[in-house]
Amino acid sequence: MTATGTFGLSSEARNLQWLLGNLVEEVPGVHSVAVVSSDGLLLLSSDPGRSATPAAAAHRDGPRGSSADLATIVSGIGSLTIGAAGLMNGGGVKQTMVAMEEGSLFVMSISDGSLLGVHATPDCDMSVVAYHMALFVGRAGHVLTPEVRSELRKSMESGL
C-alpha cells in the first residue's frame, strides 16, 4: 500500500486497506487499484511497484508514481461518464470499462461520488475483475464515511 502503514488508523481504515490489498493479490491480471473521493483526491491505492510489465514499471514519475496517475484518470473518467449519463438521461453510472491494446481500465462507483479504479492486463478475465470490484464496493460502501475518507486522505498526504 502506498499509504503509511496501519499505525494509528481506525479499524475501518485498516479494513479498507486490507480489502484493497486482497483485490490486488487475489485477482489475476490486476496492475494497480485506486480509490478516489468525489473531489478527485486519492484515498487508497495499491503498491505501484507490483506492476508486472517493464513499461508500466518505468512510468512512475508522478508525485506518488502511477497511483497519482491512476487517480487522475479515474476521477476524469468518472466525471465524464456522469456527465454523459446526465445528457442521455441514463441515470447513475455503475461501471465504466475501457479496453485498450495493452491494458484494461475499470471504474466503478462506490458511494457519495467515490470511485474504485482498476488497471489490469489486456488479457484479464473482465468478469472476474468486475466481480471482485463489486465485492469491494459492497464491503467498502458503508464503511467509507466522511470521517474515514478524511482519515485516509490524511494518511495518504503523510505518506508523501
**Study point:** Backbone N/O of Ala34 and side chain of Ser45: donor-acceptor pair under 3.5 Å
**Key:**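 Flag not set: sc Ser45 to bb Ala34 has no pair under 3.5 Å.
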
Review point. Cluster question for you: counting only ILVMFWY and a side-chain heavy-atom cut-off of under 4.5 Å, with indirect links fine, are Leu19 and Ile110 together?
Key: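 Leu19 and Ile110: one cluster.
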
Tabulate below the donor-acceptor pairs under 3.5 Å that side-chain atoms of residues 130-145 make, not counting sequence neighbours, or state none.
unit_1, atom_1, unit_2, atom_2, d
His142, ND1, Arg139, O, 3.4
Thr145, OG1, Glu147, OE1, 3.3
Thr145, OG1, Val148, N, 3.3

Please list every donor-acceptor pair under 3.5 Å in which a side-chain atom of residues 73-92 meets a protein atom from a residue at least two apart or in another chain.
unit_1, atom_1, unit_2, atom_2, d
Thr81, OG1, Ile77, O, 3.0
Thr81, OG1, Gly78, O, 3.1

Practice item. Kindly write out the residues that satisfy side-chain hydrogen bond (donor to acceptor under 3.5 Å, both in side chains) with Asp125, not counting sequence neighbours, or none if the list is empty. Key: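 Asp125: side-chain hydrogen bond (donor to acceptor under 3.5 Å, both in side chains) contacts with Ser127.
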
Point to revise | Residue pair Lys94, Ser109: steps toward the side chain to side chain contact (heavy atoms under 4.5 Å, CB included) verdict | key: CA-CA 6 Å; Lys94 295 179 182 179; Ser109 298; 5.9 Å; no

Check your understanding: Can you name the nearest heavy-atom pair linking Met156 to Leu42, along with the distance?
Key ->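 Looking at all heavy atoms of both residues, the closest pair is CE-CD2, 3.4 Å.
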
Review point. Linking I/L/V/M/F/W/Y whenever any side-chain heavy atoms sit under 4.5 Å apart, do Leu16 and Leu41 land together?
Key: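 Different clusters: Leu16 never reaches Leu41 through Ile, Leu, Val, Met, Phe, Trp or Tyr contacts under 4.5 Å.
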
**Study point:** Donor-acceptor contact present, side-chain Ser46 to main-chain Val33, <3.5 Å
**Key:**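 Such a contact is found between Ser46 side chain and Val33 backbone.
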
Donor-acceptor pairs are to be reported for all side-chain atoms of residues 98-108 against protein atoms at under 3.5 Å, with residues two or more places apart or in another chain.
unit_1, atom_1, unit_2, atom_2, d
Ser104, OG, Thr121, O, 3.4

Check your understanding: Does Leu9 reach the side chain of Gln17, with side-chain heavy atoms less than 4.5 Å apart?
Key ->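 Heavy-atom side-chain distance check passes, below 4.5 Å.
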
Practice item. Determine, using the 4.5 Å side-chain heavy-atom cutoff (strictly less than), whether Leu152 and Leu23 are members of one ILVMFWY cluster. Key: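 Same hydrophobic cluster.
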
Practice item. Mind checking salt bridge (charged side-chain N to carboxylate O under 4.0 Å, His left out) for Asp39 and listing every partner two or more places apart, or none if nothing turns up? Key: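 Here the qualifying residues are Arg153.
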
